[in-house]
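Before any comments, here is the structure.
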Amino acid sequence: MLQQSLPSEITQLKPADTDGRIQIAREKLGKDLIILGHHYQRDEIIKWADFRGDSLKLSQIAGEHPEAKYIVFCGVHFMAESADILTGPDQAVVLPNMSAGCSMADMANIDQIEDCWESLAEQTDITRVIPITYVNSTAALKAFVGKNGGACCTSSNARKIVEWALERGDKLLFFPDQHLGRNTAAQLGIDPESEMLVWDPHAANGGVNAKAIADSRVYLWKGHCSVHARFTTAQIEQARRDVPGVQIIVHPECSLDVVQAADAAGSTEHILKLVTEAPAGTKWGIGTEINMVSRLARECPDKSIFCLDPVICPCSTMYRIHPHYLLWCLESLVNGEVVNRVRVPDDVATHARVALERMLAIS
Ligand code: 13P
Ligand code: SF4
């Protein structure tokens with residue numbers, strides 16, 4: 001679904017007027033409304049969130065509020081889909097701007113996944129391969145995983161999910177983020193060189209040969225996050241030279257060398273907790289999206305907090321949730337019109353729910 005243009009009466013509003021109208025609409029909607037905000041949202045949006053969190057926490061919160069008629073999800077499309085799957089049929093999940101997608105989620109579509117699965121089935125015992133999808137994926141991929149005995153994971157629970165999968169099968173197909181898959185499997189002692197391969201959906205037979213398929217335990221999809229691909233070990237070395245005593249924490253969507261060079265790695269919620277709970281005076285070089293890092297720096301003035309990449313841009317799709325869009329969807333709800341509802345078709349949702357609920361049970 002495409003995002004319609006907003007009325008110029010809204011796009012011309014000044015920030016203070018926009019805020020005033022958001023406040024009024026929110027009060028009118030009262031208990032019918034909850035607003036969820038992912039940590040990467042800009043300050044002008046996150047201040048309206050009833051709940052902030054990483055992907056896992058927000059999925060759980062969405063499922064825990066059956067009283068809310070409207071769940072306005074300030075995040076990206078796959079997150080709103082997960083919320084729709086985990087909420088009741090009478091609850092509407094609204095994404096303020098329909099063009100807020102995720103470039104990583106776009107790196108794997110259901111046809112490519114099915115082609116990959118069929119090719120693997122010709123070359124290995126597919127009943128021993130467990131598919132795992134990072135939640136940064138479309139509902140169709142989650143449904144595929146649900147139908148084929150797998151589960152979803154987030155960056156908070158990837159380790160537990162991979163352990164669970166390896167108790168059930170000999171091999172994993174992990175999509176769409178090769179880095180989260182590689183980092184997690186490497187943590188569990190699986191050798192990235194000899195026991196993992198990267199399946200390229202644009203190459204014949206994924207760009208791999210029969211021997212690699214036979215020898216590997218982990219089949220990684222060739223997908224990545226363009227924001228986290230910007231972090232390098234050179235930046236970490238520079239930070240350690242420039243800021244004595246600095247601790248480095250990165251998101252596990254960063255590459256393996258970056259994660260291994262850091263002091264810690266974890267989801268956005270994990271980063272937030274570790275840094276906010278650290279003693280005053282500590283110094284943190286962080287490898288994740290800039291809106292979140294800048295906010296942490298402002299909220300923890302007793303610590304020195306900086307982004308490892310000095311010129312990093314925000315996640316451009318998260319940034320598409322502008323206050324004008326939030327205002328537009330809230331006022332539409334007040335007027336009885338549900339705009340930008342994210343609805344996963346029932347046949348897809350049924351199987352995708354299996355994969356998400358398996359994940360929540362294991363987390
Ligand atoms: P978290 O689950 O850590 O919030 O990550 C989501 C995401 O898209 C990171 O790029
Ligand atoms: Fe997707 Fe990367 Fe943005 Fe996260 S930061 S939503 S993975 S593009």
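Heads up: numbering here begins at 1 and tracks the sequence. One-based numbering, in listed order, for ligands and for the atoms of each.
Annotation: W199 is not in aromatic contact with F175 [ring centroid separation under 6.0 Å not met].
The nearest heavy-atom contact from the protein to atom 8 (O) of ligand 1 is N136 ND2, 3.1 Å. Atom 10 (O) of ligand 1 has as its closest protein heavy atom E253 OE1, 2.9 Å.
Near H251, meaning under 4.0 Å from one of its heavy atoms, ligand 1 places the atoms 1 (P), 3 (O), 5 (O), 9 (C). Close approach of ligand 2 to C315 is summarised as follows: ligand atoms under 4.0 Å from at least one heavy atom of the residue are 3 (Fe), 5 (S), 6 (S), 8 (S). Close approach to C225 involves these atoms of ligand 2, each under 4.0 Å from a residue heavy atom: 2 (Fe), 5 (S), 7 (S). Under a 4.0 Å criterion applied to the non-hydrogen atoms of S155, ligand 1 contributes the atoms 1 (P), 2 (O), 3 (O), 5 (O). Annotation for ligand 1: atoms under 4.0 Å from non-hydrogen atoms of H38 are 1 (P), 4 (O), 6 (C). The S103 neighbourhood of ligand 2 comprises atoms 8 (S), with distances under 4.0 Å to a heavy atom of that residue.
Here's the thing with D54: none of its N/O atoms is less than 3.5 angstrom from an N/O atom of ligand 1. Residue S267 places no N or O, backbone or side chain, under 3.5 Å from any N or O of ligand 1. On a distance-only criterion, S55 and ligand 1 share at least one N/O pair closer than 3.5 Å.
For the pair D170/R217, no side-chain contact is recorded, criterion being any heavy-atom separation below 4.5 Å from C-beta on.
Contacts between D177 and ligand 2 below 4.0 angstrom, taking non-hydrogen atoms only, are absent altogether. With a 4.0 Å heavy-atom cut-off, ligand 1 is reached by no atom of T154. Only the side chain of H228 comes within 4.0 Å of ligand 1, judged by heavy-atom distances. Contacts with ligand 2 closer than 4.0 Å are made by side-chain heavy atoms of E253 only, the backbone lying farther away.
Using cut-offs of 30° and 60° on the angle between ring planes, the pair Y325 and W328 is perpendicular. Ring geometry for H251 against H228 counts as tilted: the plane angle lies between 30° and 60°, on a 0 to 90° scale.
Note on D257 versus R182: no salt bridge recorded, every NZ/NE/NH1/NH2 to OD/OE distance being 4.0 Å or above. Checked for salt-bridge contact, K47 and D19 meet the test: a charged N lies under 4.0 Å from a carboxylate O. Between E167 and K160 there is no salt bridge, since no side-chain N of the basic residue sits under 4.0 Å from a carboxylate O of the acidic one. Salt-bridge annotation for R159 and E163: present, with a side-chain N of the basic residue lying under 4.0 Å from a carboxylate O of the acidic one.
Residue R343 qualifies as open at atom CZ: its count of foreign heavy atoms under 6.0 Å is 12 or below.
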(message) Is there a side chain to side chain donor-acceptor pair (under 3.5 Å) between H224 and Q178? Walk through the geometry before answering.
(response) CA-CA 6 Å; H224 67 275; Q178 59 173 296; 5.3 Å; no
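Contact annotation: C102 places no N, O or S atom under 2.8 Å from atom 2 (Fe) of ligand 2.
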